[in-house]
Amino acid sequence: MLNGMNAVVTGSSSGIGRGIAKAFAARGMNVVMHGIENPDEIEADRTGIEAESGTTVLYRRADMTRPGDIRELMQYAADTLGGVDVLVNNAGIQFVAPVDEFPEEKWDAVIAINLSAAFHGTKAVLPAMKSRGFGRVINIASVHGLVASPYKAAYVAAKHGVVGMTKTVALEVAERGITVNAICPGYVWTPLVEKQIPETAHSRGISEQAVIEDVLLHAQATKQFVTIEQVASLSCYLCTEDAASITGTALSVDGGWSAA
Ligand code: NAD
């Protein structure tokens, strides 16, 4: 149903982004994967997804803290695929600490990778989308784009920023056939979440098991982790013509967290 469309998914060497890249390819899309993990492992993954889907699946490394790298990634996708129909701004990091102990370089990195990179990527792809009169920008924000949790000042600030930017850009391009939306997942079991368990245990002075039960799943009414496939499926839907009137929204996929 999405046959022949071209997509860039940032941060697709792992977790949610990888799931989105796989789902796009399975539905007939050509995809540029991206990420900074081990190049050999990414290459094996890329070839596997390409063989399974029969579409073109490429990989390009780019440091999301460097605007020039981001522009080159988008240019590479446009040149090799012949245009970018869909951009998923997904790359992200987390850091957990009380604000008065929050390392300044961690603040800068979280804002750069989670928020500013989405700006640079979107800015790079929009002119061609406007010329073609079609585009889909999907920003993987978070429930933390809508509500806060302690010890996540940088992440919550970045994700609220992503939701605000989503609304603004959506209004700017609404008459050009381009939609811009944010997806706001609750906790999804990925390396990003696994990594913050010891940090959160340290910040709160509790065990790692208590972090899973009493912190991560506490606010998620379903008491279940959101799955990567659920976020990927919504991303696919947003690329369809049926979703053409959905723009400027923050779509919660959070097991009821933000309803409380
Ligand atoms: P992950 O750690 O599995 O993957 C993160 C991806 O970002 C990787 O591909 C990594 O290479 C890339 N990345 C990290 N730093 C980078 C840098 N400096 N330059 C380039 N790429 C870089 O994480 P995930 O859980 O899949 O998270 C993906 C997105 O979903 C993030 O934006 C995250 O904030 C958001 N999110 C995750 C959850 C969750 O519970 N896992 C919930 C809500 C939102």
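These values consider heavy atoms only, across backbone and side chains, with no hydrogens, waters or symmetry-generated copies.
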Exercise: identify the closest heavy-atom pair between Leu216 and Trp257: O-CZ3, 4.5 Å
Any sub-3.5 Å donor-acceptor pair from Ser203's side-chain atoms to Glu199's backbone N or O? yes
Minimum heavy-atom distance between Leu2 and Cys239, given as atom pair plus value: CD2-CB, 3.9 Å
Interatomic spacing from CE in Met64 to CG in Leu115 - rounded to 0.5 Å: 13.5 Å
Quick one: does NZ or CZ of Arg46 land under 6.0 Å from the six-membered ring centre of Tyr59, within 45 degrees of the ring axis? no
For Ala153 and Phe102, work out which heavy atoms get closest and say how close. N-CE1, 4.4 Å
Mind listing the closest non-hydrogen atom pair of Leu234 and Leu251 along with its distance? CD2-CB, 4.1 Å
When rounded to the nearest 0.5 angstrom, what distance separates CZ in Arg176 from CE in Met129? 13.0 Å
More than 12 heavy atoms of other groups within 6.0 Å of Arg132 CZ: yes
Glu175 CD: over 12 foreign heavy atoms closer than 6.0 Å: no
Are any side-chain N or O atoms of Lys159 and backbone N or O atoms of Ile140, one a donor and one an acceptor, separated by less than 3.5 Å? yes
Could you check whether any side-chain heavy atom of Met33 comes within less than 4.5 Å of a side-chain heavy atom of Val57, counting everything from C-beta outward? yes
Spacing of CD1 belonging to Ile183 relative to OH belonging to Tyr237, to within rounding of 0.5 Å: 12.0 Å
If you take all heavy atoms of Thr10 and His34, which pair is closest and at what distance? CA-ND1, 3.5 Å
Please tabulate, for side-chain N and O atoms in residues 164-173, each donor-acceptor pair with protein atoms closer than 3.5 Å (sequence neighbours left out).
unit_1	atom_1	unit_2	atom_2	d
Thr166	OG1	Asn139	ND2	3.0
Thr166	OG1	Val162	O	2.6
Thr168	OG1	Gly164	O	2.9

Hey, what do you get for NE2 (His218) to OG (Ser149), rounding to the nearest 0.5 Å? 9.5 Å
Leu146, Ile111: one ILVMFWY side-chain cluster at the under-4.5 Å cut-off? no
Any non-hydrogen side-chain atom of Leu81 less than 4.5 Å from a side-chain atom of Val8? no
Using the rule that two of Ile, Leu, Val, Met, Phe, Trp, Tyr join whenever any of their side-chain heavy atoms come within less than 4.5 Å, decide whether Tyr187 and Ile228 are in one cluster. no
Transitive ILVMFWY cluster of Tyr151 at side-chain heavy atoms under 4.5 Å: who else is in it? Val96
Are side-chain heavy atoms of Val137 and Asn89 found at a separation under 4.5 Å? yes
Given Asn30, which partner from the list Asp85, Thr80, Asn6 fulfils the side-chain hydrogen bond (donor to acceptor under 3.5 Å, both in side chains) test? Asn6
How many angstroms lie between atom CG of Leu192 and atom CD1 of Ile93, to the nearest 0.5 angstrom? 8.5 Å
Hphob cluster co-occupancy, Leu87 + Leu238, side-chain heavy atoms under 4.5 angstrom: no
Under 3.5 Å side-chain donor-acceptor pair for Ser13 and Glu37: yes
Output for pair (Glu43 CD, Asn38 CG), nearest 0.5 Å, gives 11.0 Å
Does some side-chain heavy atom of Val163 sit less than 4.5 Å from a side-chain heavy atom of Cys184? yes
Report, as yes or no, whether the 6.0 Å neighbourhood of atom NZ on Lys22 holds more than 12 heavy atoms from other residues, nucleotides or ligands. no
What about Val188 and Val193, same hydrophobic cluster or not, with Ile/Leu/Val/Met/Phe/Trp/Tyr joined at side-chain heavy-atom distances under 4.5 Å? no
Would you say Val231 and Phe24 are hydrophobically clustered, going by side-chain heavy atoms of ILVMFWY under 4.5 Å? yes
Tell me the closest heavy-atom pair linking His120 and Pro67, and the distance in Å. NE2-CG, 3.6 Å
Go through it in stages, so that I can follow the logic: the residues are Tyr155 and Gln196, the test is side-chain contact (heavy atoms from CB on, under 4.5 Å), and I'd like the CA-CA distance, side-chain angles, deciding distance and then a yes or no. CA-CA 12 Å; Tyr155 188 81; Gln196 69 187 272; over 6 Å; no
